[in-house]
Amino acid sequence: VTPETAPNRTEVRRADRDATDEAPEILVQGLVAHVGFVIEGQPYVIPFTYHFDPASPGKLYLHGSTKGRALEHFASGAPICVEVSLLDGLVYSKTAFFHSMNYRSAVCFGRARIVEDEAEKRAVFEKLIGRYFEGRTAPRDYTSPTAEHLSVTTLVRLTIENWSAKARRGGPNGPHDKDPDAPGSAGVLDLDRPKPA
Ligand SMILES: Cc1cc2nc3c(=O)[nH]c(=O)nc-3n(C[C@H](O)[C@H](O)[C@H](O)COP(=O)(O)OP(=O)(O)OC[C@H]3O[C@@H](n4cnc5c(N)ncnc54)[C@H](O)[C@@H]3O)c2cc1C
């Protein structure tokens with residue numbers, strides 16, 4: 001079995017939570033990518049900043065120091081898995097079992113390669129800053145990377161082979177949550193996504 005043929009690797013078993021058509025929007029809104037990979041049988045999950053553009057939905061960019069082990073591994077073209085989640089609310093119920101979370105999350109599978117082309121590298125870094133800080137542009141708000149900055153930063157382009165997304169929405173599903181006479185309390189604590197400055 002190769003990673004590409006791993007059985008049902010993107011099949012969401014709980015069909016009512018399947019939100020695969022929302023995967024691009026989740027990647028647009030997300031801030032942190034948790035990247036999973038295996039080196040010599042040891043699984044790692046490491047958090048990263050990332051860039052995703054819905055106009056090119058088959059690609060996701062990660063970057064870091066040329067000295068990083070994770071980046072070096074990604075650049076080798078090894079299979080990796082990227083997860084991004086948005087936490088929308090904390091769901092509380094009158095029944096312990098029905099406490100939950102409202103979320104949207106996406107999982108992408110693929111392999112990455114180094115971006116060598118300096119023009120592409122510069123363009124991605126500029127878009128990445130603009131994704132996190134809407135409206136921030138060079139040279140008005142910051143200076144563009146120098147050749148030295150570029151030389152110590154590895155940028156990799158993940159080719160997304162396939163993805164899945166899941167979502168939970170709505171209030172608690174406990175048997176007594178809609179009964180005002182039942183003891184306890186039930187509801188949703190909405191969590192607003194913090195806006196980048
Ligand atoms: C929100 C967020 C965004 C980030 N964005 C980026 C980014 O865009 N680019 C980037 O290069 N780095 C980023 N980092 C740092 C990143 O998570 C890694 O620490 C860094 O890339 C070095 O990884 P490595 O595996 O090469 O490090 P190594 O030092 O080789 O890792 C060795 C061990 O250190 C531990 N370790 C590594 N990273 C972490 C961590 N974050 N938390 C706890 N233990 C850790 C693990 O046990 C790992 O096995 C980010 C971190 C956070 C929390």
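Count residues from 1 along the sequence. Whatever order the structure lists them in is the order used to number ligands and atoms, beginning at 1.
For atom 12 (N) of ligand 1, the nearest protein heavy atom (residue, atom name, distance) is Phe48 CE2, 3.8 Å. Protein heavy atom closest to atom 24 (P) of ligand 1, with residue, atom name and distance, is Ala70 N, 3.8 Å.
Looking only at atom types and distance, the side chain of Thr10 has no donor-acceptor partner in the side chain of Asn162 under 3.5 Å away.
Any N or O atom pair closer than 3.5 Å counts here, and Pro47 shares at least one such pair with ligand 1.
Judged by distance alone, the side chain of Arg111 and the main-chain N or O of Ile80 form no donor-acceptor pair under 3.5 Å. Not one N or O on the side chain of Thr95 forms a donor-acceptor pair closer than 3.5 Å with the backbone of Phe97. Lys121 contributes a side-chain N or O that, together with a main-chain N or O of Leu150, makes up a donor-acceptor pair within less than 3.5 Å. No donor-acceptor pair under 3.5 Å is formed between the side chain of Tyr50 and the backbone N or O of Val32. With hydrogens and angles ignored, the 3.5 Å screen pairs no side-chain donor or acceptor of Arg168 with any backbone N or O of Ser100. Without hydrogens or angle criteria, Arg131 side chain to Asp53 main chain gives no donor-acceptor distance under 3.5 Å.
For atom 29 (O) of ligand 1, the nearest protein heavy atom lies 4.0 Å away or farther. Using a 4.0 Å threshold on non-hydrogen atoms, atom 6 (C) of ligand 1 counts as touching the protein. Protein heavy atoms are absent from the 4.0 Å sphere centred on atom 20 (C) of ligand 1. Within a 4.0 Å radius of atom 34 (O) of ligand 1, the protein has no heavy atom. Shown here, atom 49 (O) of ligand 1 is in close reach of the protein: a heavy atom of it lies under 4.0 Å off. Atom 44 (N) of ligand 1 is not flagged as protein-proximal [any protein heavy atom, distance under 4.0 Å].
Heavy-atom contacts of Gly64 reach the following atoms of ligand 1: 9 (N), 10 (C), 11 (O) (cutoff under 4.0 Å). Taking a cut-off of under 4.0 Å to the non-hydrogen atoms of Tyr44, the atoms of ligand 1 that pass are 49 (O). Ligand 1 places these atoms under 4.0 Å from at least one heavy atom of Gly68: 26 (O).
Remark: Arg69 is positioned above the aromatic ring of Tyr44, its terminal NZ or CZ atom under 6.0 angstrom from the ring centre and at most 45 degrees off the axis.
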Stepwise ring pair (Phe, Tyr, Trp, His ring centres under 6.0 Å) check, Phe37 with Phe74: CA-CA 8 Å; Phe37 52 97; Phe74 304 162; 5.3 Å; yes

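The option from Arg69, His73, Lys67 that lies nearest to atom 26 (O) of ligand 1, judged by heavy atoms, is Arg69. Within the set Thr154, Ile46, Leu31, the minimum heavy-atom distance to atom 38 (N) of ligand 1 is found for Ile46.
Within the 4.0 Å heavy-atom criterion, the part of Val32 lying near ligand 1 is the side chain and not the backbone. Both the backbone and the side chain of His63 come within contact range of ligand 1, each with a heavy atom under 4.0 Å.
Side-chain contact between Trp163 and Leu27 is present, with heavy atoms from C-beta onward closer than 4.5 Å.
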